[in-house]
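Worksheet: the structure to be examined is printed underneath.
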Amino acid sequence: MLQQTQVSRVLDFYDRFITRFPDLATLASARESQVVSQWRGLGYYARARNLHALARRVVREEAHVYGGSLPDSPDALRVLPGVGAYTAGAVASFAYEKRAALVDTNVARVLQRVFAPHLHPKRGRDLRHLWAIAEAVLPRTGRAAWTHNQALMELGALVCTAREKRCGRCPVRVMCASTEDLDRGSR
DNA sequence: ATCCAGTGGC
DNA sequence: GCCACAGGAT
């Protein structure tokens with residue numbers, strides 16, 4: 001749900017959805033139309049179909065491989081429908097506390113501003129470079145990586161936003177390549 | 001490297 | 001109207 005959709009907009013849908021489909025088995029046994037129906041209003045309906053297909057694959061088609069639950073490595077996750085590089089890293093890191101990097105729009109923007117002000121996060125090739133930076137700054141342990149990734153995303157979502165940088169409230173401004181001049185104005 | 005997908009903020 | 005949003009698929 002969070003793919004290309006703000007957290008604030010997802011919250012209500014998530015609560016209803018998780019109540020209706022508490023686990024992968026329930027989701028797999030449901031009809032696609034019912035899953036899409038619960039998704040109505042969220043947009044990007046291909047995500048609903050992908051999630052449903054993912055549940056069916058994990059629970060049924062290859063139950064002997066997946067054992068009814070999601071794999072914990074980015075490479076294994078990556079092949080599932082609707083799971084790209086970001087989601088694979090996010091599940092590995094946030095759900096399993098594996099030491100995995102992840103770059104979403106927030107992380108891309110933060111890393112770009114802090115370490116590579118000459119790059120353009122929107123551009124495909126520069127994104128590849130940002131993934132390399134994300135790997136380079138990843139803490140050693142899975143637990144630390146969890147906190148690190150979470151903090152990076154929060155920083156991008158709450159402080160270092162697209163339309164406003166808010167350097168005055170940023171904890172890493174002293175080592176950031178894009179810190180605004182705070183001598184006056186713009187807080 | 002491009003195209004694609006819905007919705008809400010501003 | 002544009003832009004941004006916890007990207008993915010081709």
Side-chain angles (χ1 to χ4, degrees), chain A residues 1-18 27 32-58 70-114 119-135 137-139 142 144-166 170 172 178 186-187:
Chain A
M1 285 183 174
L2 289 164
Q3 290 169 354
Q4 295 284 275
T5 302
Q6 283 146 216
V7 176
S8 58
R9 202 171 308 146
V10 163
L11 292 177
D12 293 330
F13 287 93
Y14 178 78
D15 285 338
R16 275 186 284 138
F17 193 90
I18 208 66
L27 190 59
E32 185 188 89
S33 60
Q34 300 179 324
V35 178
V36 174
S37 177
Q38 287 295 309
W39 208 275
R40 200 165 301 284
L42 244 190
Y44 289 133
Y45 300 99
R47 296 178 301 177
R49 294 190 291 275
N50 283 333
L51 183 59
H52 183 243
L54 178 151
R56 291 205 160 176
R57 186 172 305 184
V58 171
L70 290 174
D72 63 359
S73 77
D75 285 343
L77 286 159
R78 186 72 179 68
V79 306
L80 294 169
V83 180
Y86 162 71
T87 301
V91 172
S93 177
F94 296 142
Y96 293 106
E97 292 191 9
K98 301 284 287 186
R99 181 178 181 280
L102 57 86
V103 177
D104 72 327
T105 179
N106 287 309
V107 174
R109 184 177 56 254
V110 171
L111 293 179
Q112 181 269 325
R113 285 178 177 167
V114 176
L119 296 182
H120 287 273
K122 302 171 297 185
R123 302 187 65 182
R125 15 203 185 291
D126 291 358
L127 195 57
R128 181 74 192 121
H129 188 351
L130 290 168
W131 269 93
I133 294 177
E135 296 281 359
V137 299
L138 199 64
W146 188 98
T147 304
H148 170 87
N149 285 328
Q150 201 67 231
L152 222 41
M153 295 184 67
E154 286 297 288
L155 190 57
L158 304 177
V159 178
C160 193
T161 62
R163 301 186 199 263
E164 199 175 353
K165 293 202 272 189
R166 296 168 188 151
C170 183
V172 300
S178 308
S186 75
R187 312 195 48 153

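All values below were derived from every heavy atom in this structure, side-chain atoms included, with hydrogens, water molecules and symmetry-related copies excluded.
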Notebook entry, point to check: Tell me, do A:Pro121 and A:Thr105 make a side-chain contact under 4.5 Å, heavy atoms counted?
Noted result: no

Next item on the list: For DNA chain C, find the residues of residues 99-109 of chain A with a heavy-atom distance under 4.0 Å and give them by number; none if there aren't any.
Entry: A:Asp104, A:Thr105, A:Asn106, A:Arg109

Item checked: Check: A:Leu70 main-chain N/O paired with A:Tyr96 side-chain donor or acceptor under 3.5 Å -> yes

Notebook entry, point to check: At under 4.0 Å between heavy atoms, what does A:Ala46 touch on the DNA or RNA strands: base, sugar-phosphate, or nothing?
Noted result: nothing

Checklist line | Side-chain N or O of A:Arg125 closer than 4.0 Å to phosphate OP1/OP2 of B:dA1 | finding: yes

Notebook entry, point to check: When the P atoms of C:dG8 and B:dG8 are considered, how many whole Å apart are they?
Noted result: 22 Å

Check: For the side chain of A:Arg166 and the backbone of A:Leu158, is there at least one donor-acceptor N/O pair under 3.5 Å apart?
Finding: yes

Item checked: A:Arg109 side-chain N/O to A:Cys160 backbone N/O, donor-acceptor pair under 3.5 Å -> yes

Next item on the list: Anything under 4.0 Å to a heavy atom of chain A counts; send over the first and last such nucleotide of DNA chain C, read 5' to 3'.
Entry: C:dC3 to C:dA9

Notebook entry, point to check: So which of A:Glu32, A:Arg57, A:Gln34 actually passes side chain to side chain contact (heavy atoms under 4.5 Å, CB included) with A:His52?
Noted result: A:Glu32

Check: Separation of A:Arg47 atom CZ from B:dG6 atom C1', in whole Å?
Finding: 8 Å

Note to self: For A:Tyr14, is the OH atom crowded, meaning more than 12 foreign heavy atoms sit under 6.0 Å from it?
What the structure shows: no

Item checked: Toward the 5' end of DNA chain B, by each residue's nearest nucleotide, A:Arg163 or A:Gly43 -> A:Gly43

Margin query: So, taking the atom named CG in A:Leu130 and the one named CG in A:Leu111, what distance separates them when rounded to the nearest 0.5 Å?
Written below: 6.0 Å

Next item on the list: Without swapping roles, check the side chain of A:Asp126 against the backbone of A:His120 for a donor-acceptor pair under 3.5 Å.
Entry: yes

Note to self: I need the CZ-P distance between A:Arg49 and B:dG6, as an integer number of Å.
What the structure shows: 7 Å

Notebook entry, point to check: With sugar-phosphate meaning primed atoms plus P, OP1 and OP2, does A:Phe13 contact a base, only sugar-phosphate, or nothing at under 4.0 Å between heavy atoms?
Noted result: nothing

Check: Atom CG of A:Leu77 and atom NZ of A:Lys98: how far apart are they, to the nearest 0.5 Å?
Finding: 10.5 Å

Margin query: Can you measure A:Arg123 atom CZ to B:dT2 atom P for me and round it to whole angstrom units?
Written below: 9 Å

Next item on the list: Could you pick out which residue, A:Gly124 or A:Tyr44, lies toward the 5' side of DNA chain B when each is mapped onto its nearest nucleotide?
Entry: A:Gly124

Note to self: Under the side-chain hydrogen bond (donor to acceptor under 3.5 Å, both in side chains) definition, can you give me all pairs with a residue in residues 149-158 of chain A, not counting sequence neighbours?
What the structure shows: A:Ser93-A:Asn149

Item checked: Non-hydrogen side-chain atoms of A:Leu27 and A:Val35 separated by less than 4.5 Å -> yes

Check: Looking only at atom types and distance, does a side-chain atom of A:Lys165 sit under 3.5 Å from a main-chain N or O of A:Ser178, one as donor and one as acceptor?
Finding: yes

Next item on the list: Scan residues 2-12 of chain A against DNA chain B and write down, sorted by residue number, each residue with any heavy atom closer than 4.0 Å; if none is found, say none.
Entry: A:Gln4, A:Arg9

Margin query: What contact category does A:Gly41 fall into here, base, sugar-phosphate, or nothing, at under 4.0 angstrom with non-hydrogen atoms?
Written below: sugar-phosphate

Next item on the list: Give one of base, sugar-phosphate or nothing for A:Ala157, where a contact means two heavy atoms less than 4.0 Å apart.
Entry: nothing

Note to self: Which residues in residues 71-83 of chain A have a heavy atom closer than 4.0 Å to any atom of DNA chain C?
What the structure shows: A:Pro81, A:Gly82, A:Val83

Notebook entry, point to check: Hey, what do you get for CD (A:Gln112) to NE2 (A:His129), rounding to the nearest 0.5 Å?
Noted result: 11.0 Å

Margin query: In whole Å, measure the gap between the C1' atoms of C:dA4 and B:dC4 for me.
Written below: 16 Å

Note to self: Checking A:Arg47 now: which residues fulfil side-chain contact (heavy atoms from CB on, under 4.5 Å) with it, not counting sequence neighbours?
What the structure shows: A:Gln3, A:Thr5, A:Trp39, A:Leu42, A:Tyr44

Checklist line | Rounded distance in Å between the C1' positions of B:dA5 and C:dC5 | finding: 12 Å

Check: So what does A:Thr161 touch, heavy atoms closer than 4.0 Å: a base, only the sugar-phosphate, or nothing?
Finding: nothing

